[in-house]
Amino acid sequence: MKDEGVRLSMVTCYDAWSARLLARSSVDALLVGDSVSMVMHGHPSTVHADLEMMRLHTAAVRRGDPEAFVVADMPFPLHRLGPARAMEAVDVLAKAGATAVKIEGARGHLDTVEHIVESGFPVMGHLGLTPQSVHQLGGYRVQGRDEAAAEQIFEDSQALEAAGCFALVLECVPKALAERISRALRIPTIGIGSGPGCDGQILVLHDMLGMNPGFKPRFLRTFLDGAGAVTGAVDAYAEAVRAGDFPNKRESFL
Ligand code: KIV
């Protein structure tokens with residue numbers, strides 16, 4: 001698709017119900033992101049996702065859409081514990097139904113990325129704002145604004161491609177840096193908050209559906225008033241129950 005100039009679209013997906021719905025859409029691939037720990041479990045960061053959480057949600061997504069290209073996040077800090085421990089995690093996620101794993105960062109675990117790829121399992125990289133490092137980054141901030149930081153992200157992107165990654169998520173980096181990386185790599189870049197120069201885009205499904213009305217970062221476009229639609233529908237149901245209008249005769253067994 002990159003060679004043909006066709007942009008890829010991805011969204012996060014955490015459960016069978018939404019996987020079934022997404023199977024009816026034209027989105028190209030699904031990510032069982034470790035953002036599941038925040039979006040679905042209410043944790044304050046993605047470091048709260050563990051392998052069991054990722055296994056359960058990956059398996060649910062796979063049951064919901066047997067055909068999808070499903071990328072599962074490697075939970076912190078399993079990719080930092082050496083290639084053997086990381087391979088055990090890959091095994092769990094693969095058996096749960098993942099087509100590929102996504103691993104944040106590069107420096108210090110390129111050997112692990114290489115080992116997983118050489119073992120025959122696809123790895124997607126993730127650079128820029130890597131949420132598992134939020135405490136070290138000092139918050140959810142745009143990364144690579146100064147020359148040295150931009151150069152480091154550029155070099156890491158080259159290293160991840162050389163290590164065998166099949167694609168690279170670029171999260172919250174300046175548009176010009178994302179364009180430079182996307183032009184320099186043969187593998188596709190998938191941007192979130194990184195401008196239109198990436199080869200594809202990814203958004204958290206709940207955010208783009210407007211399920212999270214207080215969350216309005218600059219990069220987010222909401223394609224639905226999901227919160228309004230859901231609360232409106234549930235209010236209509238509650239009102240129908242109170243009014244004695246639900247269930248009616250047709251909705252009751254004779
Ligand atoms: O966990 C996640 O949802 C992600 C995306 C934001 C890329 O990593």
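Counting starts at 1 for both ligands and their atoms, following the listed order. We count residues from 1, following the sequence as given.
- Counting only residues at least two apart or on different chains, the ring-ring contact (aromatic ring centres under 6.0 Å, His included) pairs with a member in residues 130-179 are Phe69-Phe166.
- Checked by atom type and distance alone, the side chain of Arg62 pairs as donor or acceptor with a backbone atom of Asp65 at under 3.5 Å.
- Scanning the protein for heavy atoms near atom 3 (O) of ligand 1, the closest one is Ser35 OG, 2.5 Å.
- Of all protein heavy atoms, the one lying nearest to atom 8 (O) of ligand 1 is Lys102 NZ, 2.8 Å.
- Scanning the protein heavy atoms around atom 6 (C) of ligand 1, the nearest turns out to be Ile192 CD1, 3.8 Å.
- Checked for salt-bridge contact, Glu104 and Arg80 miss the test: no charged N lies under 4.0 Å from a carboxylate O.
- Contact annotation for Thr12 and ligand 1: only side-chain heavy atoms (C-beta onward) come within less than 4.0 Å of the ligand.
- Within the 4.0 Å heavy-atom cutoff, Glu104 does not count among the residues contacting ligand 1.
- Applying the side-chain contact (heavy atoms from CB on, under 4.5 Å) test between Met10 and each of Leu203, Val169, Leu205, Val71 identifies Val71 as the sole match.
- Taking the six-membered ring wherever Trp is involved, the centroid distance between the rings of Phe215 and His206 does not fall below 6.0 Å.
- Atom 5 (C) of ligand 1 has its closest protein heavy atom at Leu31 CD2, 3.7 Å.
- Using a 4.0 Å cut-off between heavy atoms, Asp73 contacts ligand 1 through its side chain alone, with no backbone atom that close.
- Ligand 1 has a nitrogen or oxygen under 3.5 angstrom from a nitrogen or oxygen of Asp34.
- Near His126, with a cut-off below 4.0 Å to any heavy atom, the atoms of ligand 1 are 8 (O).
- Using modelled atom types, no side-chain atom of Thr189 and backbone atom of Leu168 make a donor-acceptor pair closer than 3.5 Å.
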Query - Stepwise side-chain contact (heavy atoms from CB on, under 4.5 Å) test for Phe76 and Thr46 - result: CA-CA 8 Å; Phe76 182 81; Thr46 60; over 6 Å; no
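- The residue Val36 has no part lying near ligand 1, judged by heavy-atom distances below 4.0 Å.
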